Amino acid sequence: NQALGIYHADQTGRSDYALENQGGSVVSIRCTETFGVGTSAYYLFGIEVLRLSQSPRTAIQAGSVPGQCWAFKGPEGFLVISLAYDIHPTGFTMEHMPRSLSSRDSIDSAPRNFTVWGLLTENDDLPVFLGEYEFLDSDEHLQYYPMNEELHPDAN
């Protein structure tokens, strides 16, 4: 029952050290611009009273339904995350809405190729390259990438 509870909580069976409600936080997005700022507006008697947008924090919050993502302008973006704990990573999981939930039967807005770096501080002069990965266009909304042991054989 405990193993099933862990799996059901994040659907991976692994701890999510980047998840905001577990202690992860967004440190920086560097020069990345959020796409569509203020796309949801709420009105009362014809007067705009609230304008919402998805912030970079959305990327480290639970969920993968349409519109519940952090979209950024252009083909490249940066997200610097502080993990809940210091860890020796063995792999990474990327989550995006499944194609089956897309009204266009497409997930072309999902990040495709991404690079992971280990940093001690936001402006670390000696970042550690942890690998390049590709999010595949499939109906698998959670994709796990084991860390390349050739890069860091002592990580396990």
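Model, not experiment: these values are computed from the prediction.
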- Please indicate whether Leu126 has more than 12 foreign heavy atoms, meaning atoms of other residues, nucleotides or ligands, lying under 6.0 Å from its CG. no

- For Met94 against Phe135, the heavy-atom pair lying closest together: CG-CD1, 3.4 Å

- Start with the C-alpha gap between Arg30 and Val80, add the side-chain angles, then the distance that decides, and say whether side chain to side chain contact (heavy atoms under 4.5 Å, CB included) holds. CA-CA 8 Å; Arg30 309 241 164 142; Val80 180; 3.5 Å; yes

- Message: Ignoring hydrogens, what is the shortest heavy-atom contact between Asp16 and Gln22? Give both atom names and the distance.
- Response: O-CB, 4.0 Å

- Item | Smallest separation among heavy atoms of Tyr133 and Met147, with atom names | OH-CA, 3.7 Å

- If you measure from OG on Ser25 to CG on Leu83, what distance do you get to the nearest 0.5 Å? 8.5 Å

- Message: I need the minimum non-hydrogen distance between Val26 and Leu79, along with the two atoms involved.
- Response: CG1-CD1, 3.9 Å

- Can you name the closest pair of heavy atoms from Leu130 and Pro89 and give their distance? CD1-CG, 4.1 Å

- How long is the span from the CD1 atom in Ile81 to the CZ atom in Arg57, to the nearest 0.5 Å? 13.0 Å

- Message: Testing the basics here: between Leu19 and Ala62, what is the closest heavy-atom pair and its distance to 0.1 Å?
- Response: CD1-N, 3.6 Å

- Task: Among residues two or more places apart or on two chains, list those pairs meeting side chain to side chain donor-acceptor pair (under 3.5 Å) that have a residue in residues 118-129.
- Result: Ser28-Glu122

- With a 4.5 Å limit on heavy-atom distance, are the side chains of Arg14 and Tyr144 in contact? yes

- Message: As an exercise, state the distance from CD of Glu95 to CD1 of Ile60, rounded to the nearest 0.5 Å.
- Response: 13.0 Å

- Query: Roughly how far, to the nearest 0.5 Å, is OG1 of Thr34 from NZ of Lys73?
  - Reply: 9.0 Å

- For atom CG of Asn21, is the number of surrounding heavy atoms from other residues, nucleotides or ligands below 6.0 Å larger than 12? yes

- Message: Within this structure, what is the OG-OH distance for the pair Ser82 and Tyr85, rounded to the nearest 0.5 Å?
- Response: 12.0 Å

- When rounded to the nearest 0.5 angstrom, what distance separates CZ in Phe114 from CZ in Phe78? 14.5 Å

- Test item: Phe129 and Thr115 side chains (from C-beta on) under 4.5 Å apart, heavy atoms: yes

- With side chains defined as the heavy atoms from C-beta onward, is the minimum distance between Gln143 and Leu136 less than 4.5 Å? yes

